[in-house]
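One structure is given here, and the rest of the page talks about it.
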Amino acid sequence: MQHSAVELVHEELVHLVRQLMTGERTAAGAPSFAQHSVLSFIERHQGCRATEIADAFGVHRSTVSRQIRGCVESGWVRAEPGPVRTGHPLTLTDAGRQALAEAGRHRLAEVAQRVQGWTDVDVDQLGQLLRRFRTATSHPDSDDTGGVPNA
């Protein structure tokens, strides 16, 4: 494979990640992409702590704490009583489940819009190639679902 092809893949991945991270919210008060990822993790791991999320995402705990703080302030996450030293167990509220579901529907609709006019074969091939790329580089101890609910 030519080096320029790898550079193109890298450049497109950088642009895609930047779009995902800085993209518009679904509506006022809806979770950001980062918050969506945190909410998805908490949904799959009820009672988890910020340190577990930070470890799974490979980021510093302070980064996760900022996202959790926003989720708590929005009423999407509840920090249960527990030892401060180990962090409070986190659970989704009903509002959090609703916000997560709505954000998921919006993001799925956005993907559907972007591939509108593509053949089913093209869409399937893109999905398969993305999975192949993601799993070829994933670390076995990390959360490799990308924040996707039910993954």
Side-chain angles (χ1 to χ4, degrees), residues 5-80 88-151:
V6 172
E7 288 174 342
L8 176 61
V9 169
H10 179 264
E11 181 179 331
E12 290 304 320
L13 286 171
V14 168
H15 288 296
L16 179 61
V17 169
R18 195 173 297 139
Q19 274 185 344
L20 290 171
M21 296 304 293
T22 62
E24 293 185 29
R25 294 180 178 205
T26 56
S32 67
F33 182 80
Q35 289 171 326
H36 183 267
S37 296
V38 168
L39 292 172
S40 295
F41 188 92
I42 295 170
E43 180 183 52
R44 291 187 317 276
H45 303 93
Q46 291 288 326
C48 66
R49 291 166 165 74
T51 53
E52 295 170 54
I53 299 170
D55 289 346
F57 289 4
V59 298
H60 194 271
R61 185 175 184 269
S62 64
T63 302
V64 171
S65 293
R66 276 192 302 277
Q67 299 305 323
I68 291 171
R69 189 176 321 112
C71 291
V72 168
E73 290 170 358
S74 295
W76 303 326
V77 170
R78 180 176 35 260
E80 303 293 342
H88 298 283
L90 304 167
T91 58
L92 286 186
T93 64
D94 289 340
R97 279 186 276 288
Q98 184 178 359
L100 181 59
E102 179 59 32
R105 284 190 294 274
H106 174 76
R107 289 188 171 92
L108 189 59
E110 183 181 358
V111 170
Q113 182 181 15
R114 286 177 182 234
V115 298
Q116 187 175 356
W118 292 26
T119 67
D120 289 345
V121 171
D122 286 344
V123 175
D124 184 61
Q125 185 177 22
L126 176 63
Q128 294 301 322
L129 289 171
L130 288 171
R131 175 175 286 132
R132 181 176 169 193
F133 181 83
R134 177 182 56 84
T135 59
T137 60
S138 66
H139 187 277
D141 294 334
S142 67
D143 172 37
D144 67 353
T145 64
V148 177
N150 305 318

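Only this structure's heavy atoms are used, side chains among them; waters, hydrogens and symmetry mates stay out. Position 1 is the first residue of the sequence; numbering continues from there.
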Which residues satisfy the salt bridge (charged side-chain N to carboxylate O under 4.0 Å, His left out) test with Asp94, sequence neighbours excluded? Arg97
For His15, does the NE2 atom sit with more than 12 other heavy atoms under 6.0 Å from it, leaving out its own atoms? yes
Does CD belonging to Gln98 count more than 12 external heavy atoms closer than 6.0 Å? no
Looking only at atom types and distance, does a side-chain atom of Thr63 sit under 3.5 Å from a main-chain N or O of Val59, one as donor and one as acceptor? no
Taking atom CD as the centre, does Glu12 end up with more than 12 heavy-atom neighbours from other residues, nucleotides or ligands that are less than 6.0 angstrom away? yes
Main chain of Phe41, side chain of His45: is a donor-acceptor contact present, judged purely on distance under 3.5 Å? yes
Side-chain donor/acceptor of Thr91 to backbone N/O of Gln46, under 3.5 Å: no
Glu52 side chain to Arg49 backbone, donor-acceptor under 3.5 Å: yes
Salt bridge check, Arg107 against Glu110: does any charged N sit closer than 4.0 Å to a carboxylate O? no
Output yes when a side-chain donor or acceptor of Thr93 lies under 3.5 Å from a complementary backbone atom of Arg78, and no otherwise. no
Any salt bridge between Glu73 and Arg69, counting N to O under 4.0 Å? no
For the residue pair Phe57 and Ser37, what are the closest heavy atoms and their distance? CZ-O, 3.6 Å
